[in-house]
Amino acid sequence: MQEGLPPRLRSVQEPPLSESGSNDYAPDPVARAEAMSGPPAAPAATKPPPPPRSVLLAAAKITVRAPIPRVFEALTNAEQLAAWWADDARIEAELGGRYEGTLPEGRVEGTITAIDGPGKLSYTWPVPHEGGSVETSVVFELSPKGSETAVHVAHRSPVPVAGEWDGVWRRSVESLKAFLEQGAPSPT
């Protein structure tokens with residue numbers, strides 16, 4: 001009956017389980033006792049959750065009466081940045097470019113880590129910490145809000161860093177808003 005079927009559909013003849021032809025099954029009594037000795041072993045002690053990848057030092061949000069491209073330009077043009085944020089601003093508005101300026105809190109000498117204009121700008125900011133420095137990150141995200149632009153800035157660090165970061169960023173976004181809404185002409 002199976003002769004006319006293709007080889008892959010023919011049934012396979014399996015040898016008997018034991019040499020004697022008997023199909024009696026006799027498990028190892030020790031293995032059976034171990035398997036039936038009680039409830040499953042409790043899982044190993046649970047690990048504590050991993051530490052957070054970053055600590056939010058500060059975040060600030062503001063809505064500006066200016067279109068997104070105009071706000072992005074104020075973040076990435078050195079002359080405009082110097083007008084509202086930092087003295088001696090230097091910017092190379094490209095991935096890996098520098099993002100520098102002098103604030104009352106000290107000199108920012110960062111590197112641009114993301115520039116997705118006109119919606120996002122991210123850069124590093126090495127901050128003095130415990131005899132060395134820790135590399136923090138700053139991210140500006142811009143989104144439309146009607147004819148205005150919502151600006152959100154977040155400053156993160158791998159470890160807590162002392163400082164008045166909320167004040168730094170609140171003053172910064174308020175300064176950005178004042179600069180853009182005063183109708184300052186765009187430098188050429």
Side-chain angles (χ1 to χ4, degrees), residues 49-188:
R53 291 180 173 231
S54 67
V55 174
L56 181 64
L57 299 178
K61 294 180 183 181
I62 201 160
T63 300
V64 179
R65 285 189 320 261
I68 289 177
R70 177 72 184 99
V71 177
F72 191 75
E73 181 183 13
L75 295 172
T76 57
N77 177 287
E79 291 176 22
Q80 293 182 46
L81 194 65
W84 68 269
W85 186 60
D87 294 328
D88 193 28
R90 296 183 187 148
I91 298 172
E92 296 167 348
E94 61 189 34
L95 188 61
R98 64 182 173 175
Y99 201 86
E100 300 178 1
T102 303
L103 303 172
E105 294 76 22
R107 180 86 179 149
V108 175
E109 293 182 344
T111 302
I112 295 175
T113 56
I115 185 165
D116 186 9
K120 183 176 181 178
L121 172 68
S122 176
Y123 59 90
T124 61
W125 178 356
V127 174
H129 180 67
E130 296 180 357
S133 71
V134 63
E135 190 162 289
T136 66
S137 65
V138 176
V139 178
F140 279 92
E141 291 182 338
L142 311 177
S143 56
K145 194 171 183 182
S147 62
E148 300 176 325
T149 299
V151 178
H152 179 218
V153 61
H155 188 179
R156 296 184 180 278
S157 171
V159 296
V161 178
E164 294 298 322
W165 301 110
D166 283 324
V168 168
W169 292 110
R170 189 182 67 254
R171 286 188 307 274
S172 294
V173 296
E174 288 171 358
S175 181
L176 172 64
K177 179 180 176 81
F179 172 75
L180 289 169
E181 291 184 0
Q182 72 180 352
S186 230
T188 56

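We're numbering straight along the sequence, starting at 1.
Of all non-hydrogen atoms in T136 and S157, the two that sit nearest each other are CG2-CB, 3.6 Å. Closest approach of V161 and P128 over heavy atoms only: CG1-O, 4.3 Å. Residue L75 comes nearest to I91 through the heavy atom pair O-CD1, 3.7 Å, listed as atom of the first residue, atom of the second, then distance. Here the shortest heavy-atom pairing between V138 and F140 reads CG1-CE1, 4.0 Å. Of all heavy-atom pairs between W165 and L57, the closest is CB-O, 3.7 Å. Of all the heavy atoms in V173 and A60, the pair that sits closest is CG2-CB, 4.0 Å.
Scanning for side chain to side chain donor-acceptor pair (under 3.5 Å) contacts around T124 gives an empty result, with sequence neighbours left out. Scanning for side chain to side chain contact (heavy atoms under 4.5 Å, CB included) contacts around E148 gives T63, R65, with sequence neighbours left out. Shown here are the side chain to side chain contact (heavy atoms under 4.5 Å, CB included) partners of L56, two or more places apart in sequence or in another chain: A59, A154, R156. Every residue was checked against the salt bridge (Lys or Arg N to Asp or Glu O under 4.0 Å) condition with E141, not counting sequence neighbours, and none meets it.
Residue pairs meeting the salt bridge (charged side-chain N to carboxylate O under 4.0 Å, His left out) criterion with at least one partner in residues 162-180, sequence neighbours excluded, are E105-R171, K177-E181.
Taking the six-membered ring where the residue is Trp, W169 and W85 present parallel rings, their angle staying beneath 30° rather than reaching 60°.
Rounding to the nearest 0.5 angstrom, the gap separating the CD atom in Q80 from the CG atom in L180 is 7.5 Å. In this structure, OH in Y123 is found 5.0 Å from OH in Y99, a value given to the nearest 0.5 Å.
Proximity of L176 to V151: side-chain heavy atoms (C-beta onward) are separated by under 4.5 Å at one or more points.
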Which pairs would a plain distance check flag for residues 110-121, meaning a side-chain donor or acceptor within less than 3.5 Å of a matching protein atom at least two apart in sequence or in another chain?
residue, atom, partner, partner atom, Å
T113, OG1, S122, O, 3.3
T113, OG1, S122, OG, 2.9

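No side-chain donor from either of W125 and H155 sits under 3.5 Å from a side-chain acceptor of the other.
A salt bridge links R107 with E100: the closest approach of a Lys/Arg side-chain nitrogen to an acidic carboxylate oxygen falls below 4.0 angstrom.
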